[in-house]
Amino acid sequence: MSLEALLPSAIDGLMLGFVYGLAALGLTLIFGVMKVINLSHGPIIALGMFAVFILFSSFGVNPYLGVVAAALVGLLLGIAIYFVAVDRVIDATELTTLLATFSVNLMIIGVATVIFTTSPRSIDIDLGALRAGNVTILGTHGVAVAVAVLVAAALYGFLFRTRTGKSIRAVANNRAAAELMGIDSRRMLALAFGIGTALAMTSGALLATLFSFTILSGGTYELKSFVIVVLGGLGNPTGALVGGLVIGFLEGVLTVFLPVAWVPVVEYVIFVAVLLLRPAGLLGARA
Amino acid sequence: MRDLRAPFLPALLVFIAAVAAIPIVSNNPSLREELFLVLMLVTLASSINIIMGYTGYVSFGHIVFFGIGGYIAFWLMQTFNVHFLLAAIASAIPAALIAALIGIPILRLRGAYFALATVGINEAMKSFMTNFEPFGGAIGMFFSFSIYLQYGGAREAAFLAYYTMAAIALATVATSYVIRRSKFGLSLMAIREDQDVAMLVGIDPARAKVMAYVISAFFPALAGATFFFKNGIIEPGPAFDLLRSIESLVMVVLGGIGTVAGPIVGAALYEWLRGFLITNPTFANFQLAIAGLLLLLTVLFVTAGLVGSLRNRFPRLRAYIQ
Amino acid sequence: MILDVEGVTVRFGGLVACDAATLSVDQGQILGLIGPNGAGKTTLLNAINGVYRPLAGRVEFRGEDITGLRPFQVARRGIARAHQVVRPLSDLSVIANVTVGACFGRENLGLGAARRVAQEVIASLGLADKSETPAGKLNVAQKKRLELARALAARPMLLLADEVLAGLNPQEVAEMLTVFRTLREQGVAVIMIEHLMHAVMNVCDRVVVLDYGKKIAEGTPQQVSSDPKVIEAYLGDPKVAAKFLEEEGA
Ligand SMILES: Nc1ncnc2c1ncn2[C@@H]1O[C@H](COP(=O)(O)OP(=O)(O)OP(=O)(O)O)[C@@H](O)[C@H]1O
Ligand SMILES: [Mg+2]
């Protein structure tokens, strides 16, 4: 590929980065609040994809309304997952919570493959495109970015402006102290898990408007979310958004210089290097 | 108490060997295939238990050593026609060395950070192999039939692989037991409980952890070499299969983390259950979901796993079941 | 002197937790290390056994410079530590906890020998009937004894005991003091941090007083307890302090 392709690739990648960042935001929020790495993240992203798909193809619901529905379903699903699988082991070792959330992963994938099979699906929407020189921005991508930015802004507003949001942050900071202040920490944890899940589903829903997918597609995005979250610092929401942009940009730009198959190698090497050299993330304090 | 201890290890090894001999004696190839897999899983689970159960480091991407062993051995056999047994050993040594090199930096990480790093390393290795043309890239490598001739044919090669896997499983279990009863094992458990205290009583945690990691990498590499030798084909996906990695962890937890017998029980149970679910018409479709449900129930209610719960419930058993 | 600490300074950011602290102990001597909360006592022990690397100063143990060695290297030279905040190895049995102490320290015993030592120590500290109990299940007083047992099992030449008496009832305190006296007879050196004044007066040969990381007094328990600087450091007002010390009774 030539350098001509650099600008369009970079822009494309950056735009995708917003959607990646949204998924990573969900993962990092859950980790930040309760130190749980949610291994059901991938299947939940896939559920977001299928929520939009089913609503659209079976009931003719506009995909962007479907995104809203996916978010709501995600919130409830997350709260349910919290009480079923996480609440009892919230203070156990990381192995326990990893396996508890992984068991949810197995259950979702197990049931969903029976219902949806693993054949690829896609949603056909055409919102036109914006052209300038050799840069083409598809309408669907533009809307996805706008939705992602909106959702992220809403989350920040919620966490920093509302009483409940502040309570969640208090619980994240110090659960015992928060309880002494009269905060029902269990409810806040459940809510945080619900919001994290809603973010993952929203991101999956948006991805469904961009690419084709199967019920197993979530796995790839889950790993990507890990990379992004570590890049931005585990538990750091702003870091996740920035990390999403960095990874999206890298993916866009690297494909200009490298065969596509080498991109994940670079990503994972960066991932391990960041863990070793700056475990608090690129934005965090030095190790 | 200690001196009255039952001969647990010999009994366990004889038991495993006897079970492994069944398909040979009864000349039952399909049972042999099944047990081959179980022995392999026993090896993986017992190895992971050394670093995860004894030492407290959740090596999520541990399968990376299985893949590395498999790839190096396969390459040696295919390209240089090296004898399988030699190739297996020649692959496990570099795998152990790689474990030492990786282990020195990543074992400084704690908790979730370590777990994530091991996932990253496995995925990096998988995507690297996908691009590494000398090892066949995305397509991988496969044997021509003539490779098996030096072992007397494909059937004989399958037997050789089976015997080897049984020997590897026995060696892994024996090593796991010896470590658990040794001073080295005690240092690992002290590190698991509180690394700072371990350091204050005179344990060099960095050294002990790297040693544990190297040992726990060695046997999976041998198992990988054997598995792909028998398979005749190696690809990045199956070699660095994160799901299999996590499944091995599940087996450890199911059977009883930190015990010697736990990973064996867990591996056998998990495989038996999988076989049962797949062949049962009502459950076949929901195999994964049921596995997930059982895992969740274990994690929530039987935290110590089967062997661990037994030991907790009946303290007298502690002398007999490790 | 078995241990010489010379001008050790430890800082946390802007806070100077130990400010050129100097002290020494001899074989068979019990040195009391006292001072108000946050004076830097625990930090000084941490600097001695390598948890923190001092910014300046020197730690010499049996004639060898051990400044900046890692904690396990220090432990192997014969210095053991009992923590202020108990840190049992919760999932391991009491006997295993103490065996850990015996195994890896100065004598580098084998597992069997270490276990025998551990059994003796456990018995001498009255934990024999808890031998197989997971350490996490002990009550606080038992955990304190376990903490000391683990340290003693290493058969150290120098014991760093950080508030091992806190939270014990008078009977238990008396028993612990007997343990310390026995150690002294065996020629072990002890540095004990203690807030219980009467215990300090009772067993310590000498006392060093820290305040804001600085040594403000040193001498026999009697000398120190009548030192106005010490009394002031402790309670702000010398008169109140004197009265308080009288009541506590030596
Ligand atoms: N790891 C650390 N990081 C930052 N500050 C610390 C650290 N450890 C101790 N400090 C600070 O150093 C000072 C000395 O603490 P230290 O624990 O040594 O006091 P102490 O004399 O043992 O007090 P106490 O009698 O309460 O145990 C305190 O102000 C404490 O807050
Ligand atoms: Mg202190």
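Chain naming here is simple, since letters A, B, ... match the order of the sequence lines and numbering starts at 1 in each.
Ranked by heavy-atom pairs shorter than 4.5 Å toward chain B, the options G105(C), C103(C), P88(C) are led by C103(C). For the set I79(C), V51(C), N49(C), D91(C), the count of heavy-atom pairs under 4.5 angstrom toward chain B peaks at D91(C).
When T99(C), L109(C), V100(C), N108(C) are each tested for a side chain to side chain contact (heavy atoms under 4.5 Å, CB included) with K183(B), only one passes: N108(C).
Annotation for R184(C): atom CZ counts as buried by contact number, over 12 foreign heavy atoms lying within 6.0 Å. The environment of CZ in R62(C) is sparse: at most 12 heavy-atom neighbours from other residues, nucleotides or ligands sit within 6.0 Å. By the 6.0 Å contact criterion, CZ on R53(C) is open, its count of non-hydrogen atoms from other residues, nucleotides or ligands being 12 or less. Other residues, nucleotides and ligands contribute only 12 or fewer heavy atoms inside 6.0 Å of the CD atom of E6(C).
If you measure heavy-atom distances from R77(C) to chain B, you find no contacts under 4.5 Å at all. S182(B) touches chain C through its backbone: at least one of N, CA, C or O sits under 4.5 Å from a heavy atom, while the side chain does not. Using a 4.5 Å cut-off between heavy atoms, R150(C) touches chain B through its side chain atoms alone.
Contact record, G202(B) with F72(C): C-CB, 3.5 Å, taken as the closest heavy-atom pair. Smallest separation of non-hydrogen atoms from D204(B) and R76(C): N-NH2, 3.6 Å.
At least one side-chain heavy atom of L200(B) sits under 4.5 Å from a side-chain heavy atom of H83(C).
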Distance-only check: which donor-acceptor pairs under 3.5 Å involve side-chain atoms of residues 119-130 of chain C, not counting sequence neighbours?
residue, atom, partner, partner atom, Å
S124(C), OG, V121(C), O, 2.8

List the steps, then state whether side-chain contact (heavy atoms from CB on, under 4.5 Å) holds for L89(C) with M189(B).
CA-CA 9 Å; L89(C) 308 171; M189(B) 290 185 264; over 6 Å; no
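Of the possible donor and acceptor atoms, none in the side chain of E193(B) sits under 3.5 Å from a partner among the backbone N and O of L92(C).
Atom CE of residue M199(B) and atom CD of residue Q73(C) lie 10.0 Å apart, to the nearest 0.5 angstrom. Rounding to the nearest 0.5 Å gives a distance of 4.0 Å between CD1 of I203(B) and CZ of F104(C). Rounded to the nearest 0.5 Å, atoms CZ (R115(C)) and CG (L186(B)) are 9.5 Å apart.
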